[in-house]
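Residue numbers start at 1 and run along the sequence shown. Please read all numbers here as calculations on a predicted model, not as lab measurements. As the structure lists them, so they are numbered: ligands from 1, and atoms in each ligand from 1.
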Amino acid sequence: MIKDNVKAILAELPDGVNLVAAVKKRTPQEISQAIQAGVKIIGQNYINEAKQAYTSIDRETQWHFIGTMQKHNVRKSIVEMFDMIETVDSWEIAKEIDQRCAQINKVMPVLVEINSGREVQKSGVLPQNVGPLIKRLAFLKNLKIKGLMTMGPRFGDPEDSRPYFKETRRIFEQLKKLNLPNVEMKYLSMGMSNSYKIAIEEGANMVRIGTRIFGERDY
Ligand SMILES: *Cc1c(COP(=O)(O)O)cnc(C)c1O
């Protein structure tokens with residue numbers, strides 16, 4: 001079931017689009033099945049769950065942190081375990097990651113999360129603040145900016161996500177043109193189970209899929 005789902009998704013993704021399997025609430029066994037079927041990148045929201053699965057998973061699999069970042073949860077384990085943090089949305093968080101990484105001589109690839117829907121309660125930087133934030137982050141030595149991430153609405157008609165994806169793509173292209181030092185606009189992470197096809201049409205080259213691989217989560 002999990003294996004068939006992964007294979008079907010991998011077969012339909014265009015070349016150059018990276019699949020991130022969103023594994024929150026899944027067991028290490030379920031995660032292993034997805035990897036056996038060809039998943040190369042795991043996206044995890046929760047540090048404790050990541051720790052449970054981490055030791056049983058081969059070192060070639062990449063781990064992306066896709067959960068809400070708070071300054072107090074930027075712990076050593078986050079910067080040690082993860083190969084990318086997709087949800088950087090403030091100077092304070094970025095600085096904390098930078099300091100933690102400096103202690104272990106690591107340069108952390110990060111995506112800046114955009115609140116493309118401008119929803120008050122959502123995480124992410126407001127579109128108008130992305131440019132100024134990235135220009136500041138570019139000076140942090142143990143951080144490497146690799147692109148942008150956005151959520152968009154999770155439920156409802158997937159078409160409703162299109163304007164958010166378009167807006168994020170526009171900002172992505174704008175920043176790319178600036179050619180800022182230490183900033184590489186390479187990855188555009190957007191689209192989930194219900195919306196990834198639309199996200200790809202709008203330029204996503206990284207999609208984060210949970211439910212379509214593992215089935216419904218029971219919460
Ligand atoms: C859970 C989650 C996803 C995947 O959502 P599905 O609807 O299960 O595909 C993607 N991105 C983030 C940040 C998530 O937390």
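Of all the heavy atoms of Glu86, none lies under 4.0 Å from any atom of ligand 1, so neither backbone nor side chain is involved. With a 4.0 Å heavy-atom cut-off, ligand 1 is reached by the backbone of Ser193 and by its side chain too. In Asn45, the part holding a heavy atom less than 4.0 Å from any atom of ligand 1 is the side chain. Looking at Arg217 against ligand 1, only its side chain comes within 4.0 Å, counting heavy atoms.
Close N/O approach between Ile209 and ligand 1 is not found [any backbone or side-chain N/O within under 3.5 Å].
Side-chain contact of Gln62 with Lys40: a donor-acceptor pair under 3.5 Å is absent, judged by distance alone. Side-chain contact, Tyr54 with Gln44: no donor N or O sits under 3.5 Å from an acceptor N or O. Residues Glu86 and Ser189 have side chains that bring a donor and an acceptor to within less than 3.5 angstrom of each other.
Salt bridge status for Lys146 with Glu184: present, with a side-chain N to carboxylate O gap under 4.0 Å.
Proximity of Met206 to Met190: side-chain heavy atoms (C-beta onward) are nowhere separated by under 4.5 Å.
Near Ala22, with a cut-off below 4.0 Å to any heavy atom, the atoms of ligand 1 are 3 (C), 4 (C). Of all atoms in ligand 1, numbered sequentially from 1 with element shown, those under 4.0 Å from a heavy atom of Met151 are 12 (C), 13 (C). Atoms of ligand 1 found under 4.0 Å from any heavy atom of Thr211, numbered from 1 in the order shown, are 6 (P), 7 (O), 8 (O), 9 (O).
Contact between Lys24 and ligand 1 is present, with at least one heavy atom of the residue lying under 4.0 Å from the ligand.
A cation-pi geometry, defined here as NZ or CZ lying under 6.0 Å from the six-membered ring centre and within 45° of its normal, holds between Lys25 and Tyr46.
Qualifying salt bridge (charged side-chain N to carboxylate O under 4.0 Å, His left out) partners for Glu201, counting only residues two or more places apart in sequence or in other chains: Arg162.
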